[in-house]
Amino acid sequence: MEPLYVFKFGGASVKSAKAIRNLADIVLKHKSRNLVVVISAMAKTTNALEDILSRWFEGDAVGMQEKVDELEKFHIEAGLELVDGDKNHVLISVIKLLLEQLKSQLKGKPHKSYDFHYDQIVSFGELLSTHIVSYYLNEIGISNILVDARKCIITDTTYRDGIVDEETSSILCQKEFDLGKGNIFITQGFIGGTKVGTTTTLGREGSDYTAAILANLLNAKDVTIWKDVEGVLNADPKIFSNTQKLDKISYQEAIELAYSGAQVIHPKTIKPLQNKGIPLYVKSFINPDAAGTVITNDDNDGKLPPILILKRNQVLISLSPRDFSFVIEDCLSKIFAILYKHRLKVNMIHNSAISFTVCIDYDKIRFERAQEELKEEFTVRYNSGLELLTVRHYTHEIIEEIANKHVIYLQQRTRSTARFVIDRL
């Protein structure tokens, strides 16, 4: 059997009609291959849908409708540009139908948890983008099959962070991605479905993870993530100057980078690939013929330059027991139970005799709920609007530069990694 390849295109690669045409050019070069193409929502659409959801929960009907109208206008205009302005084209009808389904989700008041409604509503970003891409590719002669990821990526009911049922998903993926039906498949990243038919998501920026899951379950030869950068860089070029491309890194290094917050790869992506030794390529959709970066089992990480990773929107929380008792196992178990209950991601911890400090990703709703619960037993102090800077393979010069430029709220160092909670860059 001919090998299967998985391509993943993020939001920047489908941000406009022009970008979608560029995607089509890349797929066209590989149209003789067996391809599974995973698509994210069009750029900024996920943010827009999160805004719509928040306004719905806040009861801001007017503001919500304005944002829905903007979303509708954006997608219909992109669709019209791809079909030469034909308002009667089936693609425009499909876009409108999906938008009507979105509007129906927003009728009345929320009746379940925020996380449940998040998945039902925010998932429309990927549904819209994949329908647009699939219809356009068919229109220009690139025959493809559109697969609904909710029917083959089966998860539990952990909304916003679904845990994949690999056994069930494997059976369904073999059926849905049947090479006897065709050789090019389009599907959604980020989303899945439960056995009872509700939509779930796999975590923010989870399309990379979808690509890795599908590669694992379908025994793909390799995965390519198409980005607006030339590969994995040692720092974000939008933040840092004089960045370098890393030609090759190991799975282990990639996991460390992803865990620290590197935006180029979702943290869950590596494990499904490493388990089957499937190489991961990170390449530029702007310059698709360039080599990019390959992530494999090979370990050459000792030769890597310093790698800087910045996570924005951090909160540093300091907790002290109200009775000034020691922060020991009992206290720690209570703290972690509350953080876990509210699904707050812990990035860094530090403790002393009577205080415990933790740096977390800020999520307004989850943080406020956790804070109220923590206040029952602890004095809670926090600083918000901070950033977490991680330096892999650090040098003395870089550490000194950071110390001279920033207020450092908390720092930790190991042999290969230094981490700093700092004011904004």
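Note that the numbering runs from 1 along the sequence shown for the chain.
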Indicate yes or no: does E368 engage K364 in a salt bridge with an N to O separation below 4.0 Å. yes

Please report the C-alpha distance between F356 and F336 in whole Å, then the side-chain angles of each, then the deciding distance to 0.1 Å, and finally whether the ring pair (Phe, Tyr, Trp, His ring centres under 6.0 Å) criterion is met. CA-CA 11 Å; F356 180 78; F336 279 106; 5.7 Å; yes

Can you check whether K8 reaches S40 side chain to side chain, under 4.5 Å on heavy atoms? yes

Residues K238 and D236 bridged, charged N to O under 4.0 Å: no

Can we call the ring centroids of F285 and F7 under 6.0 Å apart? no

On a heavy-atom basis, which atom in I309 and which in A262 lie closest, and how many Å separate them? CG2-N, 3.2 Å

Ring centroids only, cut at 6.0 angstrom: are Y382 and F367 within range, meaning strictly under it? yes

If the test is side chain to side chain contact (heavy atoms under 4.5 Å, CB included), which one of N22, D25, I26 qualifies with P288? I26

For T357 and Y409, test the side chains for any donor-to-acceptor distance below 3.5 angstrom and give the result as yes or no. no

Residues E377 and K334 bridged, charged N to O under 4.0 Å: yes

State, yes or no, whether a side-chain contact exists between R369 and L344 at a heavy-atom distance under 4.5 Å. no

Only one of R366, Q314, K345, R312 passes side chain to side chain donor-acceptor pair (under 3.5 Å) with D361, and that residue is Q314

Quick one: sort the F9 and W226 rings into parallel, tilted or perpendicular, breaks at 30° and 60°. parallel

Centroid-centroid distance, F57 to Y114, less than 6.0 Å: yes

If you draw a 6.0 Å radius around OH in Y340, do more than 12 non-hydrogen atoms from other residues or ligands fall strictly inside? no

Y135 ring center near H89 ring center (under 6.0 Å): no

Among K44, R204, K67, R160, find the residue that satisfies the salt bridge (charged side-chain N to carboxylate O under 4.0 Å, His left out) test when tested with E50. R204

Any side-chain heavy atom of T210 within less than 4.5 Å of one from I191? no

Evaluate E100 against K103 for salt bridge (Lys or Arg N to Asp or Glu O under 4.0 Å), listing each step before the verdict. CA-CA 5 Å; E100 287 303 315; K103 293 172 189 176; 3.3 Å; yes

